[in-house]
Amino acid sequence: MESSTAQPKTVADKLDILLKLQNIDLELDDIKKIRGALPEEVSDLEDELAGYQTRLDKFENDVENMEQEIESNRAAIKKAEELIRKYEEQQMNVRNNREYDAITKEIELQNLEIQISEKRIKEGYAKIEAKKEEINTTKELIDHRTKDLETKRQELEKIIAESQEDEDKLAKERESVVNEILNIDEKLYHYYEKLRNSLSNGLAVVKVKRGAAEGCNIIIPPQRLVEIKEKRRIIFDEYSGRILADVEEVEEEEEPKGRRGRKK
């Protein structure tokens, strides 16, 4: 049994649905314009903070590695001191000058190792101090930008809350209209979406007013105007690719009659 409400299939029906979809999208655009650049600013701040946090994690990891290096150098000093004590004991029991000189050389090498390790420890503490300054600077940046982000978020949430009801209503209407056009002409809908996203003003379906297409103000030839009015086929503007949905007649306002001067 056929449905009592047949799906519209004519070109005129398609154009009417596309115009309805275009008007809904323009209303949604207006709502988004009220938010201005806030969504992008919030997103940028979130990315910036993520970058600062990555930097902070790296700095803290660097400090940890430097502290481990300092501990390694301390262990090296301790080991060298133990070896020196061992060599000094051996030095007391040498049998000839050659053994004495060899042990003396080992003691000198261990003393040199101690000096190098102490220098590395000193340099390590200096690096840690410098890195901690960078950590503090980064933490201050994070704190400052977090406050900025919170302010932007609150501002955005307030604007969204004010328009949320209208936006939800329009989104629901749009879903219904999109389903309607998808059931009739899926390719046409995808063309509309692609074209709309490529245009700065979002006008993909337009009317012709005063002989020119909306959005680009290109003059339409008279013969083409007749075809657009007939709505027997989908007609595209050859310059912008916009769908020309209708011709809107604009009544010329009558000019007020000027006062006639009396003949002298």
Side-chain angles (χ1 to χ4, degrees), residues 2-53 142 144-209 213-217 228 231 234-237 240-248 250:
E2 293 185 0
S3 173
S4 58
T5 57
Q7 292 288 345
K9 296 179 181 180
T10 66
V11 171
D13 290 328
K14 293 179 183 180
L15 292 172
D16 288 343
I17 295 170
L18 282 176
L19 273 173
K20 187 176 181 181
L21 178 60
Q22 177 71 87
N23 290 332
I24 290 172
D25 282 337
L26 289 176
E27 288 188 63
L28 286 168
D29 288 346
D30 288 339
I31 290 174
K32 291 174 183 176
K33 283 177 186 176
I34 295 172
R35 298 170 189 171
L38 274 175
E40 289 78 13
E41 289 174 6
V42 168
S43 179
D44 289 345
L45 279 170
E46 288 172 343
D47 291 342
E48 186 180 345
L49 280 168
Y52 286 144
Q53 188 59 54
I142 289 174
H144 176 68
R145 300 307 275 166
T146 298
K147 289 177 182 177
D148 288 343
L149 176 59
E150 187 59 32
T151 300
K152 295 286 185 184
R153 275 178 176 166
Q154 289 176 359
E155 190 177 348
L156 180 59
E157 286 170 3
K158 182 180 178 182
I159 293 172
I160 290 175
E162 290 172 353
S163 59
Q164 192 64 56
E165 187 176 344
D166 291 336
E167 188 175 3
D168 290 343
K169 183 180 177 182
L170 286 167
K172 191 174 181 180
E173 288 179 19
R174 189 184 195 281
E175 184 180 2
S176 176
V177 174
V178 167
N179 288 333
E180 195 173 357
I181 191 64
L182 281 173
N183 289 332
I184 302 169
D185 195 330
E186 187 175 343
K187 288 183 178 179
L188 187 60
Y189 167 72
H190 290 306
Y191 176 80
Y192 164 82
E193 284 290 305
K194 184 177 179 180
L195 179 61
R196 186 176 136 74
N197 290 331
S198 69
L199 297 168
S200 59
N201 58 11
L203 280 171
V205 184
V206 298
K207 293 182 180 181
V208 178
K209 294 184 179 180
E214 289 180 295
C216 58
N217 296 321
I228 296 168
K231 298 184 179 180
I234 303 293
I235 297 176
F236 303 93
D237 174 51
S240 65
R242 288 180 170 90
I243 299 169
L244 303 175
D246 203 355
V247 177
E248 188 171 299
V250 179

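Using a cutoff of 4.0 Å between basic side-chain nitrogens and carboxylate oxygens, Lys209 and Glu248 are scored as salt-bridged.
Closest of all the heavy-atom pairs between Leu15 and Ala245 is CD1-O, 3.6 Å. Here the closest heavy-atom approach between residue Val206 and residue Ala213 is recorded as CG2-CB, 4.4 Å. Contact record, Arg174 with Tyr189: NH1-OH, 3.9 Å, taken as the closest heavy-atom pair. Annotation for Ile243 and Leu195: closest pair N-CD2, 4.4 Å, computed over non-hydrogen atoms. Looking at every heavy atom in both residues, Arg242 comes nearest to Cys216 through NH1-CB, 3.5 Å. Summarising the geometry of Gly241 relative to Phe236, their closest heavy-atom pair is O-CD2, 3.7 Å, with the distance given to 0.1 Å.
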Worksheet item: Should Gln22 and Arg196 be marked as a side-chain contact (heavy atoms from CB on, under 4.5 Å) after you check the CA-CA gap, both sets of side-chain angles, and the distance that decides it?
Response: CA-CA 9 Å; Gln22 177 71 87; Arg196 186 176 136 74; 3.9 Å; yes
Item to complete: Please test Lys169 against Glu27 for salt bridge (Lys or Arg N to Asp or Glu O under 4.0 Å), starting from the C-alpha separation and ending with a verdict.
Response: CA-CA 11 Å; Lys169 183 180 177 182; Glu27 288 188 63; over 6 Å; no
Practice prompt. Go through the steps for Tyr192 and Asp25 under the test side-chain contact (heavy atoms from CB on, under 4.5 Å), then give the verdict.
Written response: CA-CA 11 Å; Tyr192 164 82; Asp25 282 337; 2.5 Å; yes
Discussion item. Please evaluate residues Asp168 and Gln164 with respect to the criterion side chain to side chain donor-acceptor pair (under 3.5 Å), reporting the C-alpha separation (whole Å), side-chain torsions for both, the decisive distance (0.1 Å), and the verdict.
Written reply: CA-CA 6 Å; Asp168 290 343; Gln164 192 64 56; 2.8 Å; yes
Worksheet item: Between Ile31 and Leu170, does a side-chain contact (heavy atoms from CB on, under 4.5 Å) hold up when you go through it step by step?
Response: CA-CA 10 Å; Ile31 290 174; Leu170 286 167; 3.8 Å; yes
Worksheet entry | Test side-chain contact (heavy atoms from CB on, under 4.5 Å) applied to Leu45 and Glu48, step by step | CA-CA 5 Å; Leu45 279 170; Glu48 186 180 345; 3.9 Å; yes
Discussion item. As a quick check of understanding, evaluate salt bridge (Lys or Arg N to Asp or Glu O under 4.0 Å) for Arg145 and Asp148, giving each step before the final call.
Written reply: CA-CA 5 Å; Arg145 300 307 275 166; Asp148 288 343; 2.7 Å; yes
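Considering CD of Gln154 and CG of Leu149, their distance stands at 10.0 Å, rounded to 0.5 Å. Distance check, rounded to the nearest 0.5 Å: CD of Glu180 to CD1 of Ile17 gives 4.0 Å. Summarising the geometry, atom OG1 belonging to Thr151 is positioned 9.5 Å from atom NZ belonging to Lys147; distances are rounded to the nearest 0.5 Å. Between the NZ atom in Lys20 and the CD1 atom in Ile181 there is a gap of 11.5 Å [rounded to 0.5 Å].
At least one side-chain heavy atom of Leu26 sits less than 4.5 Å from a side-chain heavy atom of Leu203.
Listed by chain and residue number, nothing satisfies the salt bridge (Lys or Arg N to Asp or Glu O under 4.0 Å) test with Lys187 (two or more places apart in sequence, or in another chain).
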For residues 32-42, tabulate all N or O donor-acceptor pairs below 3.5 Å that involve a side-chain atom, not counting sequence neighbours.
residue: Arg35; atom: NH2; partner: Glu167; partner atom: OE1; Å: 2.2
residue: Arg35; atom: NH2; partner: Glu167; partner atom: OE2; Å: 3.4
residue: Glu41; atom: OE1; partner: Lys152; partner atom: NZ; Å: 2.8

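Side-chain polar atoms of Thr10 and Asp13 form a donor-acceptor pair below 3.5 angstrom.
Put simply, the residue from Ile228, Leu19, Leu244 that forms a side chain to side chain contact (heavy atoms under 4.5 Å, CB included) with Lys207 is Leu19.
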